[in-house]
Protein chains: 2
Amino acid sequence: MGLTKTDLFTENQNEIAILAKAIAHPARVAIIEYLLKVNACICNDIVNELPLAQPTISQHLKELKNAGIIKGNIEGNAICYCINEQVFGKIQVLFGHILPIQNKCC
Amino acid sequence: MGLTKTDLFTENQNEIAILAKAIAHPARVAIIEYLLKVNACICNDIVNELPLAQPTISQHLKELKNAGIIKGNIEGNAICYCINEQVFGKIQVLFGHILPIQNKCC
DNA sequence: AATCTATATCGTAATATTGCAATATAAAAA
DNA sequence: TTTTTATATTGCAATATTACGATATAGATT
């Protein structure tokens with residue numbers, strides 16, 4: 001198989017999983033961190049910043065964009081990427097709301 | 001290839017990616033939510049709760065345990081699982097600290 | 001127009017993940 | 001001790017991910 005049975009779970013569970021999956025690669029974590037550091041957006045700079053080939057970066061950017069974590073604005077012949085604040089805030093809510101108050105293990 | 005180039009990234013970036021990967025499946029999100037709901041720990045209950053076969057659940061539990069998100073205590077012939085508060089708190093810190101204050105896209 | 005720069009897409013090889021039936025293990029109950 | 005209950009492991013098929021060279025696309029520069 002190898003196919004996640006998405007339909008067996010709630011929309012919320014799938015949403016959390018999709019966002020987590022987008023973050024589940026060190027290169028994508030590095031891209032997010034870089035975009036947050038430089039605040040304003042760059043793109044070829046990411047290729048120069050990370051030790052991966054251009055098509056690989058492009059692929060990771062696409063996944064982050066699909067998950068809604070980043071946005072890309074066309075600017076001449078370049079594309080300017082930046083964090084999508086809304087979705088980024090959502091991540092923090094989703095990952096923050098499941099905090100256990102008390103947890104007594106047996 | 002298909003092999004993540006872990007050595008090219010920082011320990012922190014890899015740590016975030018590993019934790020995110022553990023959460024990056026709706027079944028594992030469901031397991032975490034269930035464990036938080038019942039607070040005390042169960043195991044065969046998870047198999048009855050989720051619409052997946054027992055070996056599949058066992059595999060997901062193993063991944064959550066490897067990431068340190070849950071703990072398992074042997075209790076007779078059963079194994080009692082529960083959330084690992086420490087690691088769970090860490091997730092919130094890691095996913096919370098990267099909050100952008102301002103984000104002006106170009 | 002020819003070239004350069006920036007980015008995306010295609011194709012493909014290597015590897016990882018998902019899911020489960022079958023089976024193993026081990027403690028509890030009969 | 002046989003059986004039941006609870007969980008893990010193995011093996012395998014289907015699919016997904018990762019990485020990148022080659023190539024395509026498209027605006028900018030010359």
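Lettering of chains follows the sequences in order, A, B, ..., and the numbering in each one begins at 1.
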Identify, with sequence neighbours excluded, every residue that meets salt bridge (Lys or Arg N to Asp or Glu O under 4.0 Å) alongside A:K62.
none
I'd like to know whether B:I31 forms a side chain to side chain contact (heavy atoms under 4.5 Å, CB included) with B:L64, so could you lay out the CA-CA distance, the side-chain angles of the two residues, the decisive distance to 0.1 Å, and finally the verdict.
CA-CA 9 Å; B:I31 289 171; B:L64 285 170; 3.8 Å; yes
To the nearest angstrom, how far is [X] atom [atom1] from [N] atom [atom2]?
| X | N | atom1 | atom2 | value |
| --- | --- | --- | --- | --- |
| A:N48 | C:dA6 | CG | P | 8 Å |
| B:H25 | D:dT15 | NE2 | P | 15 Å |
| A:I57 | D:dT17 | CD1 | C1' | 15 Å |
| A:H60 | C:dA8 | NE2 | P | 13 Å |
| A:N66 | D:dA16 | CG | P | 14 Å |
| A:K21 | D:dA16 | NZ | P | 9 Å |
| B:D7 | D:dT18 | CG | P | 16 Å |
| A:E75 | D:dA26 | CD | P | 19 Å |

Report all interatomic pairs (protein N or O, nucleotide N or O of nucleotides 6-12 of chain D) with separations under 3.5 Å.
| unit_1 | atom_1 | unit_2 | atom_2 | d |
| --- | --- | --- | --- | --- |
| D:dT7 | OP1 | B:I79 | N | 3.1 |
| D:dT7 | OP1 | B:I79 | O | 3.1 |
| D:dT7 | OP2 | B:N44 | N | 2.5 |
| D:dA8 | OP1 | B:Y81 | OH | 2.5 |
| D:dA8 | OP2 | B:S58 | OG | 2.9 |
| D:dA8 | N7 | B:Q54 | NE2 | 2.7 |
| D:dA8 | N6 | B:Q54 | OE1 | 2.9 |

Is there a side-chain contact between B:N66 and B:I18 (heavy atoms, below 4.5 Å)?
no
Examine A:I42 and A:I79 and state if one hydrophobic cluster contains both, with Ile, Leu, Val, Met, Phe, Trp and Tyr joined whenever side-chain heavy atoms are less than 4.5 Å apart.
yes
Between A:R28 and B:A17, is there a donor-acceptor pair closer than 3.5 Å when you use the side chain of the first and the backbone of the second?
no
Hey, can you tell me if B:H25 and A:F9 have their rings parallel, tilted or perpendicular (30° and 60° cut-offs)?
perpendicular
Residue whose closest nucleotide on DNA chain C lies nearer the 5' end, B:T4 versus B:I74
B:T4
May I ask you to evaluate whether B:K5 reaches the phosphate of D:dC20, defined as a side-chain N or O under 4.0 Å from OP1 or OP2?
yes
